[in-house]
Amino acid sequence: MTQTYSEPRASYAPSDDFAAQANGTVELYRQAEDDRLEFWSQQADRLAWATPFTEVLDWSNAPFAKWFVGGRLNVAYNCVDRHVEAGNGDRVAIHWVGEPVDDARSITYAELQDEVCRAANALTDLGVVAGDRVAIYMPMVPEAIVAMLACARLGAMHSVVFAGFSASALRARIEDAQTKVVVTTDGQYRRGQAVPLKPAVDDAVAGLGETNPVEHVLVVRRTGIDTPWTEGRDLWWDEVVDSASTEHTPDAFDAEQPLFLLYTSGTTGKPKGIVHTSGGYLTQASYTHHYVFDLKPERDVYWCTADIGWVTGHSYIVYGPLSNGATQVVYEGTPASPDEHRHFQIIEKYGVTIYYTAPTLVRTFMKWGREIAFAHDLSSLRLLGSVGEPINPEAWRWYRLVFGGDATPIVDTWWQTETGAAMIAPLPGVTACKPGSAMGALPGISAKIVDDDGNQLEPGTEHGEQPSGYLVLDKPWPAMLRGIWGDPERFKETYWSRFAEQGWYFAGDGARYGHDGEIWVLGRIDDVMNVSGHRISTAEVESALVGHAGVAEAAVVGASDESTGQAICAFVILKAHHTDLSHEQMVEELRAEVAKEISPIAKPREIHVVPELPKTRSGKIMRRLLRDVAEGRELGDTSTLMDPGVFEAIRAAR
Ligand code: WTA
């Protein structure tokens with residue numbers, strides 16, 4: 001198949017055919033504007049409630065929201081059982097594709113129900129009750145999703161920790177949440193190799209000493225590799241879950257029953273446990289998944305390429321799609337395993353119709369070349385999605401041409417771990433999309449771009465650079481975070497203090513309006529970096545670096561990077577006479593230290609050993625200037641610098 005670019009256009013309206021069959025129409029915006037709370041009440045009716053709610057929103061104790069007050073439901077029942085009861089038990093819920101070629105398994109809703117019930121019974125036997133926390137540290141295997149749903153069924157909170165995180169990152173999360181059980185696997189496949197995972201759990205727990213809250217470690221046999229074992233504490237999943245009963249009656253829980261904790265990076269070194277609850281979260285996950293992805297559960301095959309370790313995996317692999325009775329692909333491995341054709345082969349084999357990924361992966365595919373995609377029949381695709389960082393217009397156009405046959409809508413979805421579900425995104429059957437813009441707030445959601453004083457910015461003019469401002473959410477939304485685990489003050493301070501007077505949530509992102517009033521998100525304006533769509537704070541990496549005995553001081557900045565969006569650049573001052581290592585050896589040691597303390601994904605792209613760091617007179621590191629250096633720009637305003645000569649020294653050191 002050969003294809004050429006059609007003329008790049010400024011905007012792409014949906015085709016008449018797509019618009020005619022779309023779930024979401026212009027009417028949806030009108031309904032939401034007419035009566036926002038009534039609109040959300042109708043969306044909540046998508047779910048099965050054991051007890052109906054009596055009030056849509058209680059905002060009297062802002063910023064602590066209560067949605068769907070008085071309502072009771074079971075989240076797992078909504079994601080699994082009710083589809084079976086509706087006669088769709090034979091529909092495939094998950095086409096699971098393992099990393100090793102030919103390792104695949106399709107699971108129907110009826111089978112998923114049995115499996116979730118077994119796991120819920122097994123967890124109950126291990127003493128897990130409503131309100132308890134369970135850590136899930138697993139690769140993308142079906143049991144990870146089953147474990148999440150089993151927790152939800154019991155009213156216990158899961159805390160999924162990305163399996164690429166180190167033992168010490170896991171330990172900090174177990175400790176903060178006081179998790180009673182950890183679910184993991186013996187190992188995981190990484191680029192064709194079986195590598196151990198369970199030892200990291202042992203390490204994490206061993207480091208907890210006396211205060212260890214972990215009573216059991218439940219281990220899924222994934223790779224069959226040798227696994228260290230602690231008798232009494234450790235249990236094989238196949239020994240306790242497979243033999244458990246498939247009968248389990250779900251209890252109904254309050255709409256505000258905590259559903260999960262998910263740790264994310266903030267502007268300090270300590271990750272925040274973001275708390276999400278049940279009724280509001282599931283309502284918005286389900287609503288957005290239905291309308292933004294235009295899901296037709298009877299015929300679509302949906303694939304979100306995220307990992308369940310991130311919020312995208314929670315909302316758009318587990319809760320959104322399953323609450324809507326979708327059939328989806330879940331893939332365990334990396335895109336180049338065993339070669340660059342893997343994603344395209346999967347799309348072709350399963351007839352994937354909706355594909356949701358991150359811009360960094362689109363850019364990787366671009367690098368590999370369109371011939372790889374064009375070797376496959378991708379004509380089943382009818383909708384594409386993007387999330388995690390701003391998508392550059394060139395990547396957007398390439399994605400539409402090469403994946404979408406120059407015809408499919410692309411939904412660029414802006415949201416955060418904290419928002420729980422998509423907030424700013426097009427409706428694919430309505431919005432004429434401009435490549436690179438997430439367009440406007442979804443029906444029922446309200447977002448604004450404001451200046452320092454909270455004045456809304458004007459839409460951009462046709463010519464010239466538009467001013468940028470702060471992206472705020474000026475009205476509460478159902479899937480909003482309910483707090484930071486154990487730290488209500490930090491919750492208020494982090495999100496609600498910048499525009500406290502107005503009572504707005506500040507997202508940490510900068511944005512500007514385009515010519516037609518559409519929103520262009522520019523990225524973080526705080527000390528949070530976005531590397532391949534992964535959130536990492538400068539402070540976390542700095543604290544890992546200064547944790548090394550040879551480092552006196554460290555400053556970390558995110559510099560723009562063509563393939564990963566941002567890349568981590570570190571500047572370190574070494575302690576005099578600490579070691580005999582050369583600078584090169586030291587840099588290697590430091591990169592390893594960061595991987596060990598946080599994760600290989602947090603390894604700096606570059607580490608510069610410097611004699612000094614640029615500081616203000618009050619001693620604050622001027623990251624803005626370091627970013628200029630890292631990006632090879634002329635230095636910005638240096639007038640507040642304590643010692644203007646410092647850059648000579650830094651440049652000389654590079
Ligand atoms: C960025 C991921 C531009 C943004 C769901 C946000 C985006 C942070 C987009 C949240 C997008 C996410 N366009 N920027 N479509 N989606 N971001 O918590 O900076 O991992 O604040 O949630 O990613 O990252 P998080």
Side-chain angles (χ1 to χ4, degrees), residues 160 162 164-165 260-267 271-276 281 284-285 288-289 292 304-317 319-320 356-362 384-393 395-396 399 410-426 431 433-442 445 447 449 468 470-473 479-481 484 494-495 505-512 514 518-537 540 558 560 564-566 599 601-602:
V160 181
F162 175 55
F165 274 125
F260 65 83
L261 255 174
L262 184 58
Y263 285 84
T264 189
S265 294
T267 51
K272 304 175 282 197
I274 302 298
V275 178
H276 282 289
Y281 171 79
Q284 196 179 330
T288 51
H289 185 258
V292 175
C304 167
T305 69
D307 189 285
I308 48 146
W310 314 109
V311 75
T312 306
H314 284 60
S315 303
Y316 297 109
I317 293 178
Y319 294 109
Y356 186 31
T357 196
T360 183
L361 194 56
V362 175
L384 303 171
S386 172
V387 63
E389 56 171 313
I391 180 164
N392 46 313
W396 195 102
Y399 191 25
I410 297 181
V411 288
D412 176 4
T413 59
W414 178 89
W415 57 294
Q416 308 178 297
T417 304
E418 292 87 342
T419 69
M423 302 293 283
I424 300 173
T431 317
C433 294
K434 298 189 186 179
S437 165
M439 303 306 294
L442 287 167
I445 301 297
I449 306 171
S468 65
Y470 303 92
L471 182 60
V472 298
L473 302 167
M480 66 197 293
L481 76 166
I484 294 176
T494 309
Y495 304 104
Y505 170 95
F506 170 48
D509 279 311
R512 64 177 175 78
E518 79 281 6
I519 293 172
W520 293 77
V521 178
L522 302 170
R524 307 290 305 196
I525 51 179
D526 52 13
D527 291 330
V528 175
M529 299 173 288
N530 188 331
V531 181
S532 296
H534 300 319
R535 265 171 80 164
I536 299 163
S537 80
E540 257 175 297
S560 48
T564 59
Q566 280 191 315
S599 163
I601 59 174

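Note that ligands are numbered from 1 as they come in the structure, with each ligand's atoms numbered from 1 the same way.
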Could you tell me whether [X] approaches ligand 1 through its side chain, its backbone, both or neither, with non-hydrogen atoms closer than 4.0 Å?
| X | result |
| --- | --- |
| Ile424 | neither |
| Ala438 | neither |
| Val528 | neither |
| Thr417 | both |
| Asn530 | side chain |

Would you mind checking which non-hydrogen protein atom is closest to [atom], with the distance to 0.1 Å?
| atom | value |
| --- | --- |
| atom 10 (C) of ligand 1 | Trp415 O, 3.6 Å |
| atom 3 (C) of ligand 1 | Pro390 N, 3.1 Å |
| atom 19 (O) of ligand 1 | Asp509 OD1, 2.6 Å |
| atom 20 (O) of ligand 1 | Arg535 CD, 3.5 Å |

Original post:
Is any side-chain heavy atom of Thr417 less than 4.5 Å from a side-chain heavy atom of Trp310?
Top reply: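 When only atoms from C-beta onward are counted, Trp310 and Thr417 do not touch, as no gap falls below 4.5 Å.
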**OP:** Say whether Trp310 and ligand 1 are in contact under the criterion: heavy-atom distance to a ligand atom below 4.0 Å.
**Re:** no
Original post:
If you measure from each heavy atom of Gly388 to ligand 1, is any distance below 4.0 Å?
Top reply: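 Contact present.
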**OP:** Determine whether the side chains of Tyr356 and Ser386 contain a donor N or O and an acceptor N or O closer than 3.5 Å.
**Re:** no
**OP:** For Thr305 and Thr357, test the side chains for any donor-to-acceptor distance below 3.5 angstrom and give the result as yes or no.
**Re:**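 A pair is found: one side chain offers a donor N or O, the other an acceptor, under 3.5 Å apart.
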Original post:
Salt bridge or not for Glu540 and Lys272, using N-O below 4.0 Å?
Top reply: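 Judged by the 4.0 Å cut-off on N to carboxylate O distance, Glu540 and Lys272 do not form a salt bridge.
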Subject >> Gln416, any N or O under 3.5 Å of ligand 1 N or O >> reply: yes
**OP:** If the plane angle is over 60° it's perpendicular, under 30° parallel, otherwise tilted; pick one for Tyr505 and Tyr495.
**Re:**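 The rings of Tyr505 and Tyr495 lie parallel, inter-plane angle below 30°.
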**OP:** May I ask you to decide if the ring planes of His276 and Phe260 are parallel, tilted or perpendicular, using 30° and 60° as cut-offs?
**Re:** tilted
